[in-house]
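Right, one structure below, let's go through it.
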Amino acid sequence: MTLTVLHSAAALVTMDDDGREIVDGAIAWRDGIITAIGTTEALAQLRRSADRTIDARDCVVTPGLVNTHHHLFQSLTRAVPGATDASLFGWLRRLYPIWARYRPDDVHAAARLGLAELALSGCTLSTDHLYLYPNGVTLDDTIAAAGEVGLRFHPTRGSMSVGESAGGLPPDALVEREPAILADTIRVIDRFHDPAPGAMVRIGVAPCSPFSVSEGLMRDAALLARDKGVMLHTHLAEDEDDVAFSLARFGCRPGVYAERLGWTGRDVWMAHAVKLDADEIALFAATGTGVAHCPCSNCRLGCGIAPVRQMLAAGVPLGLGVDGSASNDSGNLLQEARQALLLQRVTGGAEALSARAALRLATRGGAEMLGRQDCGALTVGRRADLAVWDVAMAANTGAWDPVDGLVLCPPAGVRDLVVEGRTIISGGELRCAPLPAILDQARHSIARLRDR
């Protein structure tokens with residue numbers, strides 16, 4: 001029943017329904033749940049009786065950032081020669097043979113590295129899309145890593161079932177039999193999924209993409225997910241090749257294909273959706289189908305600029321994602337927010353997306369898209385997931401509006417990070433898992449993969 005009170009924040013950004021930002025803000029929590037919020041003066045009595053206090057002077061406090069799309073296993077394959085200048089399909093063909101050599105310890109190392117990077121940049125909740133399982137790899141390997149780092153985690157049991165010999169993109173050695181996919185999906189849901197408020201782990205069902213799984217698996221996955229009460233995730237309309245494949249293989253655009261197979265609704269979110277047309281945007285808005293916008297990855301692979309302004313105007317649920325570190329080369333959600341803002345302004349003008357709107361996408365927008373009404377905002381009754389940003393550093397000095405400054409001139413990292421009321425980062429240092437050990441484990445795996 002420990003009571004913690006954070007006080008003296010230069011600005012406390014609640015992301016509540018009224019968009020309140022409290023100057024000289026304070027927030028209290030007990031047992032992982034926010035119990036009070038207001039000015040430092042208003043919470044003075046609570047502060048005096050607190051078991052622990054956190055001084056947030058010269059800091060902006062926000063809800064923890066939410067990452068709605070990632071491939072943590074890719075953290076070991078950044079800047080791989082032959083993949084750095086390729087578009088999506090060529091990039092995948094270069095990397096598939098490397099990923100085929102992964103072992104469980106490599107996936108665990110990659111997940112710890114990627115989650116540590118996210119935590120250090122202010123993320124409290126991350127999804128993951130693991131869609132290949134060579135050499136005994138299981139989803140359990142990433143879940144163990146998240147527990148060690150201390151982040152709230154939404155891993156998805158991904159899959160590929162259509163290899164090159166059947167007209168798909170991945171090599172046959174990396175695809176699985178569909179009955180085995182469904183059986184293991186049931187196993188991980190039954191073992192790990194927690195539907196309760198405050199859950200640290202929730203499982204999703206995530207066939208990789210229309211060009212790597214069958215129509216039958218897409219249908220069966222949707223039926224399974226709804227029977228188990230979990231969410232659905234896949235890649236959709238990522239670039240022109242993706243759309244061309246859908247038209248050639250299925251005779252329709254990606255959004256129509258998704259609807260045909262039962263892949264629309266508030267329990268579904270798509271990665272990328274760069275090439276949605278107006279009809280598909282309207283479909284997603286009407287059905288509440290979400291989109292994980294990954295601007296840096298979309299730029300890196302030359303996919304294009306997602307129609308974020310149009311999706312927001314239509315009411316499509318939206319969050320931000322860093323995507324895999326092999327297609328982004330970074331895992332920093334504030335940088336994604338900044339890139340989202342810049343790309344929309346390139347096409348839509350200076351008023352296309354504000355800094356605060358981009359920050360909302362990175363927090364409450366992503367949390368609510370993932371069905372987490374208990375996260376994403378700093379209000380009484382929600383979970384105590386928050387990020388403390390020191391805005392007196394060189395990167396932020398000169399920012400007259402420190403909240404806009406988080407997006408326009410992002411700090412290098414978070415000062416403190418709290419997840420479920422527990423301090424994961426203090427003074428810019430990981431507390432739950434030592435960073436040198438995480439880096440050593442990752443380097444060991446990288447050396448073996450490169451040697452092969």
Side-chain angles (χ1 to χ4, degrees), residues 10-11 13 15 19 21 59-70 78 114 117-127 271-274 291-312 318-325 327-367 369 376 386-415 417 428:
V13 182
M15 291 294 170
E21 296 175 5
C59 295
V60 172
V61 178
T62 69
L65 307 184
V66 177
N67 178 33
T68 63
H69 184 61
H70 208 329
R78 309 183 209 236
E117 183 182 15
L118 285 168
L120 289 164
S121 61
C123 178
T124 55
L125 165 60
S126 181
T127 61
H272 305 298
V274 174
V291 170
H293 176 43
C294 306
C296 290
S297 173
N298 296 159
C299 289
R300 159 80 151 74
L301 293 175
C303 295
I305 301 173
V308 169
R309 277 190 314 127
Q310 294 89 332
M311 286 192 279
L312 284 173
L318 274 170
L320 294 181
V322 301
D323 201 8
S325 294
S327 64
N328 182 332
D329 309 292
S330 178
N332 187 313
L333 275 162
L334 278 186
Q335 294 291 348
E336 296 299 329
R338 184 174 191 271
Q339 190 75 356
L341 176 151
L342 295 176
L343 287 177
Q344 295 310 300
R345 292 186 179 194
V346 163
T347 56
E351 297 180 355
L353 188 67
S354 71
R356 279 171 167 79
L359 186 60
R360 190 176 182 89
L361 290 180
T363 53
R364 185 168 176 173
M369 187 181 74
L386 53 99
V388 181
W389 309 92
D390 187 343
V391 293
M393 306 299 284
N396 301 93
T397 298
W400 288 30
D401 182 332
V403 179
D404 273 2
L406 288 180
V407 174
L408 297 173
C409 45
V414 73
R415 193 197 79 173
L417 191 71

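Keep in mind the model is a prediction, meaning the values are calculated, not measured. What's counted below: heavy atoms across the whole structure, side chains too, no hydrogens, waters or symmetry copies. The residues of the chain are indexed from 1 along the displayed sequence.
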How many angstroms lie between atom [atom1] of [X] and atom [atom2] of [Y], to the nearest 0.5 angstrom?
{"X": "L65", "Y": "L125", "atom1": "CG", "atom2": "CG", "answer": "10.5 Å"}
{"X": "H293", "Y": "L312", "atom1": "NE2", "atom2": "CG", "answer": "9.0 Å"}
{"X": "L333", "Y": "L361", "atom1": "CG", "atom2": "CG", "answer": "11.0 Å"}
{"X": "S126", "Y": "L118", "atom1": "OG", "atom2": "CG", "answer": "5.0 Å"}
{"X": "N396", "Y": "C59", "atom1": "CG", "atom2": "SG", "answer": "10.0 Å"}
{"X": "L359", "Y": "S354", "atom1": "CG", "atom2": "OG", "answer": "9.5 Å"}

Is there a donor-acceptor pair under 3.5 Å between the side chain of [X] and the backbone N or O of [Y]?
{"X": "T68", "Y": "L320", "answer": "yes"}
{"X": "S297", "Y": "C294", "answer": "no"}
{"X": "R364", "Y": "G376", "answer": "no"}
{"X": "T124", "Y": "A119", "answer": "no"}
{"X": "S121", "Y": "G331", "answer": "yes"}
{"X": "Q344", "Y": "R309", "answer": "yes"}

Is there side-chain contact between [X] and [Y], with heavy atoms separated by less than 4.5 Å?
{"X": "D401", "Y": "R356", "result": "yes"}
{"X": "C299", "Y": "L343", "result": "yes"}
{"X": "V391", "Y": "L406", "result": "yes"}
{"X": "E117", "Y": "C123", "result": "no"}
{"X": "V322", "Y": "H69", "result": "no"}
{"X": "D323", "Y": "H70", "result": "no"}
{"X": "L417", "Y": "V388", "result": "no"}
{"X": "V61", "Y": "W389", "result": "no"}

Check the pair T363, V66 against side chain to side chain contact (heavy atoms under 4.5 Å, CB included), reporting the backbone distance first and the verdict last.
CA-CA 5 Å; T363 53; V66 177; 5.5 Å; no

Please give me the minimum heavy-atom distance between [X] and [Y], naming the atom from each residue.
{"X": "P295", "Y": "A340", "value": "CG-N, 3.8 Å"}
{"X": "P411", "Y": "A395", "value": "CA-CB, 4.3 Å"}
{"X": "A273", "Y": "M311", "value": "O-CE, 4.5 Å"}
{"X": "S325", "Y": "S330", "value": "OG-O, 4.3 Å"}
{"X": "N332", "Y": "A412", "value": "ND2-O, 4.3 Å"}

Could you tell me if N298 and H272 have a donor-acceptor pair between their side chains, going purely by distance under 3.5 Å?
yes

Taking salt bridge (Lys or Arg N to Asp or Glu O under 4.0 Å) as the cut-off, I'd like each qualifying pair that reaches into residues 327-351, sequence neighbours left out, listed once.
R300-D329

One pair to check against side chain to side chain contact (heavy atoms under 4.5 Å, CB included): L386 and T62. What are the steps and the verdict?
CA-CA 6 Å; L386 53 99; T62 69; over 6 Å; no

Using the side chain to side chain contact (heavy atoms under 4.5 Å, CB included) rule, take V407 and L341 through it: C-alpha gap first, then chi angles, then the decisive distance, then the call.
CA-CA 9 Å; V407 174; L341 176 151; 4.2 Å; yes

